[in-house]
Amino acid sequence: SLGRAGSSPALGTFINSLYLELENNSLNVDNEDDAIALISTSFGNYCSLPRRLQLNENVALHFIFSFEFGFHYLLPELMDSELIARNQINTGIVDLSFFSPGIQSNRSIVEVAVREVARNIKYASEELQNDKSFIEFIVTENSCSLEYLLPIWQDDTNIVRSCVERDGLL
């Protein structure tokens, strides 16, 4: 049986039947719960799901939780999902460079991303990178971001002062 330890025999039978369908190239999963059960068993099963289920944010998040590098196998359309972006950025594993311009211009997402990993400021939209009030806020959240700011902000005495006051960095 392919069921996990402690899982019901019915689940093992269900997973076995899904494997047989996959082997026969006729995988016919039609709902979110079945898709999640299937991808829990094998990394490759996500890519075999019907496109509409691959685009389902809950299915995609479960895939990412099950397989650390699963994020890199998501469909490009999911790179515009705020839910996926927030989840992945909070882990500190994935940076803003993987996401769409819409995500890169989302102030609240970029704030979290830079708080987690300073270099994410490099991938913020041009508008945010040129917004002085945003930059002033960012350096108070993560003074290490100074290294990745546009030169105009690296030469701004107030910005540098904020970094020094926060962490004593120069």
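At distances below 3.5 Å, at least one donor-acceptor pair connects side-chain atoms of Q129 with backbone N or O atoms of K122. Side-chain atoms of Q154 come within 3.5 Å of backbone atoms of L146 as a donor-acceptor pair (strictly under, hydrogens ignored). Remark: side-chain polar atoms of N142 are paired, donor with acceptor, to backbone N or O of V114 under 3.5 angstrom. Side-chain atoms of S162 come within 3.5 Å of backbone atoms of N158 as a donor-acceptor pair (strictly under, hydrogens ignored). One N or O on the side chain of N90 and one on the backbone of R86 form a donor-acceptor pair closer than 3.5 Å.
Separation of atoms CZ (F63) and CD (Q54) is listed at 8.5 Å; rounding is to 0.5 Å. Remark: L55 CG to E57 CD distance equals 9.5 Å, nearest 0.5 Å. With rounding to the nearest 0.5 Å, the separation of CZ in R107 from CG in L128 is 6.5 Å. In this structure, the separation between CD on E147 and SG on C163 is 11.0 Å, given to the nearest 0.5 Å. To the nearest 0.5 Å, atom OG of residue S40 and atom CZ of residue F67 are 7.5 Å apart.
In terms of heavy-atom proximity, V59 sits nearest to I39 at O-CD1, 3.4 Å. Nearest heavy-atom pair across C144 and A118 is C-CB, 3.6 Å. Residues G70 and I64 come closest through the heavy atom pair C-CG1, 4.5 Å. When all heavy atoms are compared, the tightest approach of A35 to V29 is N-CG1, 3.4 Å. Residues I89 and E116 share a closest heavy-atom pair of O-CG, 3.7 Å.
The side-chain heavy atoms of V139 and E165, taken from C-beta on, include no pair separated by under 4.5 Å. Side chains of L96 and I109 form a contact here, defined as non-hydrogen atoms less than 4.5 Å apart. Using a 4.5 Å cut-off on side-chain heavy atoms (C-beta onward), R115 and N120 make no contact. By the 4.5 Å heavy-atom criterion applied to side chains, F65 and N87 are counted as neighbours.
Heavy atoms from other residues, nucleotides or ligands lying under 6.0 Å from CG of L75 number more than 12. The local environment of CD in E77 is crowded, with over 12 non-hydrogen atoms from other residues, nucleotides or ligands closer than 6.0 Å. For E126, the CD atom is loosely surrounded, since the number of other residues' heavy atoms within 6.0 Å does not exceed 12.
I36 and I84 end up in the same hydrophobic cluster when Ile, Leu, Val, Met, Phe, Trp and Tyr side chains are linked at under 4.5 Å. Using a 4.5 Å cut-off between side-chain heavy atoms of Ile, Leu, Val, Met, Phe, Trp and Tyr, with links allowed through other members, Y148 and V164 fall into the same hydrophobic cluster. If you chain together hydrophobic residues whose side chains sit under 4.5 Å apart, V117 and L149 never meet in one group. Under a hydrophobic-cluster definition in which Ile, Leu, Val, Met, Phe, Trp and Tyr are linked whenever side-chain heavy atoms come within less than 4.5 Å, directly or via other members, Y73 and F98 are assigned to the same cluster.
Only one option out of I135, I138, T140 pairs with S145 in a side chain to side chain contact (heavy atoms under 4.5 Å, CB included); it is I138.
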TODO: Quick one: do N58 and H62 satisfy side-chain contact (heavy atoms from CB on, under 4.5 Å)? Show the steps, please.
DONE: CA-CA 6 Å; N58 291 328; H62 187 81; over 6 Å; no
Open item on the list: Could you walk me through whether S125 and Q104 satisfy the side-chain hydrogen bond (donor to acceptor under 3.5 Å, both in side chains) test, starting with their C-alpha distance in whole Å, then the side-chain angles of each, then the deciding distance to 0.1 Å, before giving a yes or no?
Closed with: CA-CA 5 Å; S125 68; Q104 293 171 344; over 6 Å; no
Open item on the list: Between M79 and I103, does the side-chain contact (heavy atoms from CB on, under 4.5 Å) criterion hold? Intermediate values first, please.
Closed with: CA-CA 8 Å; M79 297 308 106; I103 296 296; over 6 Å; no
TODO: Go through the steps to decide whether Y46 and F71 satisfy the test ring pair (Phe, Tyr, Trp, His ring centres under 6.0 Å), and finish with yes or no.
DONE: CA-CA 11 Å; Y46 175 80; F71 171 80; over 10 Å; no
Open item on the list: As a quick check of understanding, evaluate side-chain contact (heavy atoms from CB on, under 4.5 Å) for F134 and V110, giving each step before the final call.
Closed with: CA-CA 10 Å; F134 180 72; V110 174; 3.5 Å; yes
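Listed by chain and number, the residues in a salt bridge (charged side-chain N to carboxylate O under 4.0 Å, His left out) with R119 are D95 (sequence neighbours excluded).
With respect to the salt-bridge test (charged N to carboxylate O, under 4.0 angstrom), the residues D156 and R161 do not qualify.
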